[in-house]
Number of protein chains: 2
Amino acid sequence: MRTHNKLATREAISTAALRLAVEKGPGGLALVRVRDIAEAAGVSPRTYNNYFSSREEAICAVESDRARRLGQALLSRPTAEPLGQAIAAAAIEHYGTAEPDKVGLRMIMSTSALEGEALKAFTTAEEPLAAAIAERIGTDPAHDLFPQVMAAAIAGAVRVAARHWLNRDNTESFATVLGRALAHVLPSADPSDS
Amino acid sequence: MRTHNKLATREAISTAALRLAVEKGPGGLALVRVRDIAEAAGVSPRTYNNYFSSREEAICAVESDRARRLGQALLSRPTAEPLGQAIAAAAIEHYGTAEPDKVGLRMIMSTSALEGEALKAFTTAEEPLAAAIAERIGTDPAHDLFPQVMAAAIAGAVRVAARHWLNRDNTESFATVLGRALAHVLPSADPSDS
DNA sequence: GCACTATATGCGTGCCACGCAAGTTGTGAG
DNA sequence: CTCACAACTTGCGTGGCACGCATATAGTGC
């Protein structure tokens with residue numbers, strides 16, 4: 001199958017890009033040359049550019065792809081579950097199992113040159129997430145802002161949780177931190193905080 | 001004063017950049033050359049590059065600067081006000097009075113090449129906002145995620161509200177849309193939605 | 001008035017994204 | 001089985017951009 005091969009090379013390129021970026025460290029992103037990425041992925045530089053239109057995009061593609069699947073995770077929750085619980089469970093399952101690659105994630109989130117692309121990656125989750133929420137509560141996203149606002153809040157919580165989880169070298173699992181962060185924005189789960 | 005001149009030229013460059021981008025339209029961002037921006041701002045191309053390290057950054061600087069001041073707006077609210085009300089009032093005042101330049105904002109938010117930088121611009125609000133919230137409720141941001149999560153949710157709500165306000169050519173003021181969006185995430189203002 | 005520092009500018013360099021066209025490989029119809 | 005076709009890869013050339021460095025200029029404090 002051709003599409004299979006396309007996905008394989010795409011992943012090869014993005015993986016190689018992230019690996020090289022990690023090797024050079026947050027400061028030396030400018031030293032990650034396109035030809036290095038292409039060479040590491042076993043393709044020509046021109047082919048790399050057929051898949052990604054910037055090094056940043058290639059480096060963040062892994063996170064971007066993961067975020068895009070969050071909406072799917074929500075859809076697979078039982079419909080009987082209350083919305084807030086379903087979201088929390090979906091997110092924790094999605095990000096908790098197969099804990100994110102700490103090194104790669106830290107690279108992405110601590111490199112200023114990758115800031116915009118990293119935000120794009122997290123924000124990628126919003127559209128499918130909003131669609132899933134809208135379907136779950138059965139509203140028209142054209143007039144009700146709740147699905148999109150909630151999706152943005154969730155994506156933001158995931159991002160904040162990731163930042164916290166990376167910065168303090170605590171022993172908490174990412175799932176734990178994520179759960180605490182989500183509790184602040186999920187509906188009908190408003191703990192008296194602080 | 002030297003700093004005053006620096007701010008003036010910075011604003012001149014960003015304004016010129018945004019104006020040219022609007023003229024070319026969302027599709028033709030690649031046609032906005034650096035030398036055009038510099039010429040329109042009355043500086044040399046090299047000087048432009050001393051202020052901004054990319055065209056995208058220059059174009060979005062106006063929105064970025066505005067977002068950065070949102071935290072300040074919250075700090076100037078009376079401390080007696082409940083947090084949710086204070087945030088809503090601060091945001092609506094900050095973005096509602098002097099309604100955002102609809103054309104420029106639409107340009108920024110509908111141009112895919114500007115997506116990352118636009119997200120950076122909105123996200124700029126988060127840090128000062130989180131600091132303001134933390135100061136208001138008196139918690140330590142190092143351990144309590146609430147300020148950062150709430151700040152991210154607010155910034156997301158502003159972004160969603162802006163998108164909605166731009167896309168539908170409705171007669172609602174931005175302040176109205178923003179208020180509706182914020183109501184979905186602000187604490188102790190949880191309307192039975194949908 | 002003078003030395004000094006911050007800012008503006010010109011020039012040169014390396015790299016990058018992408019259009020274009022040719023080569024290569026897998027695919028489906030007859 | 002063969003052949004025509006489509007998808008994918010690759011090489012090459014082009015225009016542009018970010019930035020380091022050295023220089024000119026202008027505003028500042030003693």
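These numbers come from a predicted model, not from an experiment. So that the names make sense, note that chain A is the first sequence line, chain B the second, and so on, each numbered from 1.
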Practice item. For each nucleotide in nucleotides 11-17 of chain D, reading 5' to 3', give B when a protein heavy atom comes within less than 4.0 Å of its base, S when such contact involves only the sugar-phosphate, and - otherwise. Key: BB---SS
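- Electrostatic pairing of Glu57(B) and Lys120(B) does not count as a salt bridge here, judged by no charged N lying under 4.0 Å from a carboxylate O.
- Comment: Glu81(B) engages Arg77(B) in a salt bridge, judged by a side-chain N to carboxylate O separation of less than 4.0 angstrom.
- In this structure, the CG atom of Asn50(A) is 14 Å from the P atom of dC20(C), given to the nearest Å.
- An OP1 or OP2 oxygen of dT9(D) is reached within less than 4.0 angstrom by a side-chain nitrogen or oxygen of Tyr51(A).
- In this entry the distance linking CD of Glu39(A) with C1' of dT10(D) reads 15 Å, nearest Å.
- Ionic pairing of Arg159(B) and Glu126(A) is present here: one or more N-O contacts between side-chain nitrogen and carboxylate oxygen are shorter than 4.0 angstrom.
- Looking at every heavy atom in both residues, Leu83(B) comes nearest to Pro187(B) through CD2-CG, 4.4 Å.
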Result block: side-chain N/O donor-acceptor pairs under 3.5 angstrom for residues 104-117 of chain A, not counting sequence neighbours:
unit_1: Arg106(A); atom_1: NH2; unit_2: Leu166(A); atom_2: O; d: 2.8
unit_1: Ser110(A); atom_1: OG; unit_2: Arg106(A); atom_2: O; d: 2.6
unit_1: Thr111(A); atom_1: OG1; unit_2: Met107(A); atom_2: O; d: 2.7

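- Which of dT9(C), dT7(C), dT10(D) sits closest to the side chain of Lys6(B) comes down to dT7(C).
- In this structure, CG of Asn5(A) is placed 12 Å from C1' of dT9(D), rounded to the nearest angstrom.
- Rounded to a whole Å, the CG atom of Leu29(A) is 16 Å from the P atom of dA18(D).
- One finds no salt bridge joining Arg33(A) and Asp36(A) here, because no Lys/Arg side-chain nitrogen approaches an Asp/Glu carboxylate oxygen to under 4.0 Å.
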